[in-house]
Asker: 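Input: one structure, supplied below.
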Amino acid sequence: MATNALGLFNAPSSALEAAGALKGAGFDSPTVISPIPIHGIDEVLGKKKSIIKRFTFFGALFGGIAGFALAAGTAVMYIHATGGRPIIAIPPFLIITYELTILCGILATVLGFILGSRLPAFKNRVYVPEVAVDKFAVTVLCEDPERLKRAHDILQSSGAEEIREVEGEQ
Amino acid sequence: MSFIDTLRSRWQEYRRPGYYENFDYAWTMTIDLDSCTGCGACVTACQAENNIPLVGEEELARGREMHWIRIERYWEGEFPNAKLNFIPMLCQHCDAAPCETVCPVSATYHNQDGLNAQVYNRCVGTRSCAVYCPYEVRYFNYYNHEWPSPLDQQLNPDVTVREKGVMEKCTFCIQRIRQAKDAAKDDGRRRVLDGEVQPACVQTCASQAMVFGNRNDSQSEVFKSMNDPRAYHVLEEVNTAPSVVYLKKVEVNG
Amino acid sequence: MSVSIVPTLKLLKPAAMVVAVAFFGLIVGYWANAAFTSGNAPSFAPGYAPEQPIDFSHRVHAGENQIDCLYCHTQASRSASAGVPSVDKCAGCHQQVATDRPQIRRVLEYWENQEPIPWIKVHDLPDFVYFPHKRHVAAGVACQTCHGPVETMDVVSRQAPSQMGICLNCHKEHQVEFGTDCLTCHK
Amino acid sequence: MANQDISFAQINDDVVRSLVVTGRKYYITLAISILVTFTCFVGPWFYQLRYGIGAAGMNHPTVWGTYLASFIFWIGLSHSGTLLSAVLHLTNSEWRKAMYRSAEAMTLFSVMVAAMMVMVHVGRPWFVHWAVPYPNQMEMWPNFRSPLMFDVMAITTYMTGSIIFIYMGTIPDFAAVRDRTTGWRHHMYVLLSLGWRGTDTEWNRLHWAYTFLAVLIVPLAVSVHSIVSWDFALSVVPALHQTIFAPYFVVGAIYSGTAGIVTVMFVLRKYMKFEHLITKLHFDNLGKLLLVMSLLWTYINMVELFTGWYSESSEEYEALNFRLFGFYGPLYWEMILFCALAPLLLISKRFRTSFVPMLILSIVINIGMYTERFLIVATSLPRQYLPDAWGMYVPSLVEIAIMVGSFGMFTTLFLVFVKIFPSISLYEVKETLPEPQPKPQADSGAP
């Protein structure tokens with residue numbers, strides 16, 4: 001199991017500073033763990049490309065097509081003429097299409113979220129319970145003791161309240 | 001290319017209102033209000049033919065009557081000059097029936113013979129068809145009805161006995177139509193002859209106010225009757241295209 | 001300190017097993033219900049073979065002796081129900097044929113007492129389905145299509161699960177005119 | 001927004017306390033609501049299943065009754081929660097954050113109760129699965145041209161969407177609670193939180209997914225209640241066959257839903273001791289919203305009368321006359337009093353920011369809104385085209401019991417919810433607080 005350096009901060013700004021410094025020192029992508037989403041984190045760690053929007057879009061598209069196909073297909077499979085309306089009646093089927101568009105869009109978004117955020121966590125991941133309350137943590141994977149020492153120094157100089165060595169995956 | 005052509009032709013077929021175009025029958029009934037005496041024999045005949053339960057006094061008082069055909073009575077004028085009008089009301093077998101579109105499980109639909117079909121064993125009992133029907137001719141089984149012995153002996157074996165939670169209504173005596181079609185097939189005929197089918201109410205009507213037949217057949221009795229100048233549809237403004245045609249009462253003095 | 005859902009999942013193994021077994025049971029139960037008991041009563045399940053009052057063998061009559069189905073079940077070509085032959089029909093032959101066998105003597109006993117034999121119905125349809133034998137015989141549908149190879153059975157057992165899909169498939173296959181209209185069978 | 005002087009840790013403490021510490025009052029309420037559910041809902045329903053729908057008071061012209069009225073009421077109540085939460089999320093409203101979780105829960109549970117009302121309503125609930133599209137040997141499919149099928153699809157989608165929306169917004173809070181609990185609770189939250197940590201990637205993905213969900217849910221919520229209105233409006237029944245019905249129902253739904261939120265907020269604030277999180281500000285804002293919805297509702301109600309009045313068609317006129325001055329006339333005027341006149345009190349800021357009057361008003365509004373739904377069913381159907389078929393509908397004891405029982409069911413579900421879900425959104429409330437500043441250099445560096 002890999003060793004990670006983890007610094008605890010009491011303010012998001014100093015955590016961001018530490019993360020930026022670590023990144024600048026050649027550590028690959030430090031992880032910032034926080035109780036609330038931090039504003040301006042994109043500028044420090046780089047903009048994250050999210051695949052969720054594609055999931056939502058294609059899910060909704062699939063849902064729309066599937067919705068109309070479901071309504072029209074089942075109407076054709078066993079024909080029951082009703083009320084002098086055509087078998088494939090557009091206005092009511094559009095409503096089915098609409099609902100299934102949204103349903104599939106929602107389900108695809110969930111799938112996108114699950115895949116994009118790497119949840120659920122099946123391996124032991126670096127974590128300290130304080131970050132769920134009011135602390136901000138910056139953690140980075142360190143392959144050897146020397147890098148651990150360097151990370152330690154950087155975190156220290158950024159104003160970490162506490163620095164720990166944690167076993168686990170990033 | 002042919003695949004696209006097939007697809008297009010199928011699409012056009014399915015976009016046609018009602019889908020069935022070339023059918024043999026369009027069952028129609030005309031009721032001559034001038035002849036109707038309001039005797040109620042049709043109500044009784046229907047009750048006997050179609051296994052319609054007798055709900056009893058108590059349920060009747062709660063407004064849960066059961067009769068697929070009813071005689072509506074309308075008074076006109078004040079006491080000394082009071083006049084009573086009758087109009088027998090039954091399922092109009094509308095070609096554009098509001099009840100059909102609303103059923104979520106297709107328990108009611110339009111069949112190729114122009115009948116508004118009600119499939120009892122498919123019904124889940126949302127009762128929406130009864131709400132959508134402007135003629136109020138759909139009746140609901142609020143509970144399981146019983147036929148105490150020996151009344152159970154008079155149940156018609158050709159008609160389903162309905163369970164609780166099921167909507168029911170006039171079928172134009174579908175069991176008789178099926179029987180007549182059967183007989184026609186045995187004789188090698190394509191169509192039922194005019195007058196071969198008579199629903200129980202038509203058969204019973206003492207003043208012969210009702211005529212039943214196929215309006216696709218221009219020689220039929222009903223075709224002549226429905227082209228009478230007195231002919232009209234009840235609630236024509238709702239645009240349901242009913243298959244029951246009424247002939248207006250002739251007013252003698254104003 | 002680290003976080004993972006695996007320890008909890010491990011803890012939940014017994015519960016998951018219960019759920020899995022219940023789910024499996026549900027699926028098997030659904031399948032069993034669909035395959036065997038659809039139509040509500042156990043007597044609607046295929047394979048239903050009740051013990052009849054007389055050990056009548058269709059194998060001997062229809063199979064070995066090649067008696068036509070319609071010879072005994074005459075109503076099938078004339079009415080909606082196929083009907084069970086009267087005791088008279090049995091006695092018609094068995095006053096001469098094989099009169100010494102105990103089962104035949106019992107049949108003749110019924111005949112002498114002027115009592116019907118209390119046969120037990122094997123093939124039954126739900127009450128809301130109207131199946132006219134007449135039409136199907138006239139259209140040339142073999143009895144075996146629904147009743148199975150009766151001529152090989154000593155004890156008649158139920159063959160087809162009387163489900164709507166079977167009727168529909170046949171009607172579609174033979175392109176029966178308006179054969180899938182609900183009112184064809186339900187009224 | 002919460003009071004500005006509370007600390008992050010205190011919010012955690014409050015929420016964990018609300019989940020873990022359970023007083024006697026809670027158990028008594030839970031026991032009562034379960035009892036009510038069983039005696040008033042389950043029992044009468046079983047009686048009705050055995051006897052038939054005849055146990056209810058419905059009769060020949062009025063085949064729909066209070067079951068359907070309750071159904072619309074619950075669906076309506078469900079309308080504000082998720083919709084409001086999604087709209088306010090998209091518009092970045094700060095005040096949403098302390099209250100949206102329980103509002104969404106209200107949505108979820110009222111949709112569930114509404115679905116139960118459908119089961120109670122239909123004549124043969126054991127065949128209700130026929131309204132679900134699944135392949136079967138009968139080769140029969142549901143009729144997708146039916147307004148009731150739109151309902152099935154819309155409500156299923158709405159329920160799924162609401163469950164996902166509330167769950168996704170709670171994942172970080174499950175994680176926060178996970179660390180503070182022990183025993184079975186701990187394991188439950190481990191699973192519910194999916195191993196959430198709060199890393200930058202996770203927050204980023206959550207933000208996007210949540211925003212997309214909100215975008216999808218707003219049109220969905222609007223569609224659901226217009227579809228419910230089409231159950232009525234697509235018929236040809238006088239006084240139901242109206243184009244105004246879709247907006248009328250949507251507005252009515254948001255109106256009664258907002259009033260429901262006020263009720264729930266009051267109870268949460270009082271009994272979960274969230275006084276410092278749910279403040280006057282929330283009641284003020286909700287009160288403004290209620291006022292707007294009330295005015296809109298009144299306007300649409302007037303328009304509904306006008307079309308009937310101007311048309312002068314005899315059947316429209318009769319239906320209108322029956323609604324306003326018939327047997328149920330007093331109920332109509334009660335509804336006007338409760339839903340159109342009483343909410344005018346909200347003009348005063350002092351009224352909006354006083355808690356008990358707001359509670360009373362919100363309950364009064366929902367009584368009025370239930371009356372509205374009841375009147376739609378009970379005064380339109382008895383007066384249709386043919387006067388011979390006119391009738392009268394009075395709910396039976398079974399119907400009233402089931403209506404009361406449905407409230408018990410809702411309360412039970414909600415009481416279970418507050419002990420499993422953090423009923424205040426931890427991280428979003430923290431977001432509204434001032435951002436922690438780095439301490440002076442002297443403090444840092446100590447290991």
Side-chain angles (χ1 to χ4, degrees), chain B residues 55 59-67 70-74 86-87 89 96-109 119-145 163-167 234-235 237-240, chain D residues 49-64 68 118 121-131 138 140-152 231-232 234-238 240-241 313 315 377 380-382 384-394 396:
Chain B
V55 292
E59 289 294 305
L60 201 65
R62 299 175 74 177
R64 291 175 183 168
E65 66 268 27
M66 279 275 182
H67 32 231
R70 63 170 187 265
I71 309 279
E72 298 202 334
R73 307 199 300 169
Y74 293 109
F86 301 108
I87 177 163
M89 188 50 65
C99 60
E100 288 168 3
T101 39
V102 77
C103 182
V105 291
S106 290
T108 181
Y109 72 99
V119 185
Y120 308 122
N121 50 311
R122 179 73 179 172
C123 181
V124 296
T126 63
R127 307 192 285 290
S128 36
C129 49
V131 169
Y132 275 48
C133 176
Y135 303 96
E136 298 299 309
V137 285
R138 289 179 156 267
Y139 296 90
F140 188 68
N141 285 280
Y142 285 97
Y143 51 94
N144 271 336
H145 298 281
E163 197 198 10
K164 69 183 170 195
V166 169
M167 192 60 77
V234 172
L235 297 183
E237 70 273 22
V238 190
N239 289 328
T240 51
Chain D
L49 281 178
R50 283 192 70 87
Y51 180 80
I53 286 287
M58 284 162 269
N59 54 28
H60 175 227
T62 327
V63 284
W64 282 351
L68 213 70
V118 173
H121 169 79
V122 298
R124 302 203 291 178
W126 48 94
F127 286 136
V128 110
H129 58 278
W130 282 342
M138 296 184 288
M140 288 286 292
W141 294 87
N143 174 13
F144 284 106
R145 275 156 296 181
S146 156
L148 274 78
M149 246 346 261
F150 308 163
D151 248 4
V152 173
D231 285 354
F232 296 98
L234 298 188
S235 72
V236 292
V237 179
L240 289 188
H241 183 52
S313 74
E315 60 267 9
V377 175
S380 305
L381 300 182
Q384 293 187 43
Y385 293 99
L386 300 175
D388 187 83
W390 281 359
M392 191 60 224
Y393 161 71
V394 181
S396 73

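Chain naming here is simple, since letters A, B, ... match the order of the sequence lines and numbering starts at 1 in each.
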Asker: Mind running side-chain contact (heavy atoms from CB on, under 4.5 Å) on B:E100 and D:R145 for me, showing each step along the way?
Answerer: CA-CA 9 Å; B:E100 288 168 3; D:R145 275 156 296 181; over 6 Å; no

Asker: If you look at every heavy atom in D:H60 and B:Y139, which pair is closest and at what distance?
Answerer: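 Closest approach of D:H60 to B:Y139, heavy atoms only: NE2-CE2, 3.5 Å.
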
Asker: Hey, does the side chain of B:Y142 reach the backbone of D:N59 with a donor-acceptor pair shorter than 3.5 angstrom?
Answerer: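 Flag set: sc B:Y142 to bb D:N59 pair under 3.5 Å.
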
Asker: With chain D, which of B:A130, B:C99, B:A107, B:C123 has the greatest number of heavy-atom pairs at distances under 4.5 Å?
Answerer: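 Counting heavy-atom pairs under 4.5 Å, the top option is B:C123.
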
Asker: For residues B:V105 and D:A131, report the shortest heavy-atom separation together with the two atoms involved.
Answerer: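 What the structure gives for the nearest pair is CG1-N, 3.9 Å.
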
Asker: Of the backbone (N, CA, C, O) and the side chain (C-beta and beyond), which part of B:Y74 lies under 4.5 Å from a heavy atom of chain D, both, or neither?
Answerer: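 For B:Y74, the side chain is the part near chain D, not the backbone.
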
Asker: Heavy atoms only: give me the nearest D:P147-B:T101 pair and the separation to one decimal.
Answerer: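 For D:P147 versus B:T101, the nearest heavy atoms are CD-O, 3.8 Å.
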
Asker: Using a cut-off of under 4.5 Å on heavy-atom pairs, state which of B:V137, B:V238, B:N239 scores highest against chain D.
Answerer: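 Highest number of pairs under 4.5 Å: B:V238.
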
Asker: Quick check on D:M138 against chain B: is it the side chain, the backbone, both or neither that has a heavy atom closer than 4.5 Å?
Answerer: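 For D:M138, side-chain heavy atoms alone lie under 4.5 Å from chain B.
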
Asker: Tell me, with the steps shown, if B:V234 and D:L386 meet side-chain contact (heavy atoms from CB on, under 4.5 Å).
Answerer: CA-CA 10 Å; B:V234 172; D:L386 300 175; 4.3 Å; yes

Asker: So, using side-chain hydrogen bond (donor to acceptor under 3.5 Å, both in side chains) as the criterion, who are the partners of D:R124 when residues are at least two apart?
Answerer: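 Scan of D:R124 (side-chain hydrogen bond (donor to acceptor under 3.5 Å, both in side chains), adjacent residues dropped) gives B:E163.
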
Asker: Pick one of side chain, backbone, both or neither for D:V63, based on which atoms fall under 4.5 Å of a heavy atom in chain B.
Answerer: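 Contact with chain B involves both backbone and side-chain atoms of D:V63.
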
Asker: So which part of D:F232 gets closer than 4.5 Å to some heavy atom of chain B, the side chain, the backbone, both or neither?
Answerer: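 Contact with chain B is through the backbone of D:F232 alone.
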
Asker: Against chain D, work out which of B:R64, B:R73, B:R127 has the most heavy-atom pairs shorter than 4.5 Å and name it.
Answerer: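 Among B:R64, B:R73, B:R127, the one with the most close pairs to chain D is B:R127.
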
Asker: With only heavy atoms counted, which part of B:P98 is less than 4.5 Å from chain D, the side chain, the backbone, both or neither?
Answerer: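 Interface part for B:P98: side chain.
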
Asker: Rounded to the nearest 0.5 Å, what separates atom CD in D:E315 from atom CG in B:L235?
Answerer: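 It comes to 7.5 Å.
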
Asker: Would you mind checking which part of D:W126 comes under 4.5 Å of any heavy atom in chain B, side chain (CB onward), backbone (N, CA, C, O), both or neither?
Answerer: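 The answer is the side chain of D:W126.
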
Asker: For each of B:V102, B:N141, B:I87, B:N144, tally heavy-atom pairs with chain D at distances under 4.5 Å, and name the one with the top tally.
Answerer: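 Option with the greatest count: B:V102.
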
Asker: Only pairs of heavy atoms separated by less than 4.5 Å count here; which of D:V128, D:D151, D:L234 has the most with chain B?
Answerer: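 Option with the greatest count: D:L234.
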
Asker: Counting heavy-atom pairs under 4.5 Å to chain B, which of D:L381, D:T62, D:V122 comes out on top?
Answerer: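 It is D:V122.
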
Asker: Which atoms of D:P387 are under 4.5 Å from chain B, going by heavy atoms: the side chain, the backbone, both sets, or neither?
Answerer: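 Both backbone and side chain.
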
Asker: In sequence, state the C-alpha distance, the side-chain angles, and the governing distance for B:M89 and D:D388, and then conclude on side-chain contact (heavy atoms from CB on, under 4.5 Å).
Answerer: CA-CA 10 Å; B:M89 188 50 65; D:D388 187 83; over 6 Å; no

Asker: Which answer fits D:L68, side chain, backbone, both or neither, if we ask what part of it has an atom under 4.5 Å from a heavy atom of chain B?
Answerer: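 Contact with chain B: none, neither part.
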
Asker: Using the side-chain contact (heavy atoms from CB on, under 4.5 Å) rule, pick out the option among B:C103, B:S106, B:P104 that qualifies with D:S146.
Answerer: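 Checked B:C103, B:S106, B:P104 against D:S146; only one passes side-chain contact (heavy atoms from CB on, under 4.5 Å): B:P104.
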
Asker: Please verify the inter-ring angle class for D:W64 with B:Y132; under 30° counts as parallel, over 60° as perpendicular, anything in between as tilted.
Answerer: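 Rings of D:W64 and B:Y132: perpendicular, over 60°.
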
Asker: At a heavy-atom separation under 4.5 Å, does B:C133 approach chain D through its side chain, its backbone, both, or neither?
Answerer: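 The backbone, not the side chain.
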
Asker: In terms of heavy-atom pairs under 4.5 Å, which option from B:R62, B:E59, B:R122 contacts chain D the most?
Answerer: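 Greatest number of close heavy-atom pairs with chain D: B:R122.
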
Asker: side-chain contact (heavy atoms from CB on, under 4.5 Å), that's the test. Do D:V237 and B:V131 meet it? Break it down for me.
Answerer: CA-CA 7 Å; D:V237 179; B:V131 169; 4.1 Å; yes

Asker: What residue, out of B:R138, B:E65, B:M66, has the most heavy-atom pairs lying under 4.5 Å from chain D?
Answerer: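 Most heavy-atom pairs under 4.5 Å with chain D: B:E65.
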
Asker: Side chain, backbone, both or neither: which part of B:R70 has a non-hydrogen atom closer than 4.5 Å to chain D?
Answerer: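 Answer is side chain: those atoms of B:R70 sit under 4.5 Å from chain D.
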
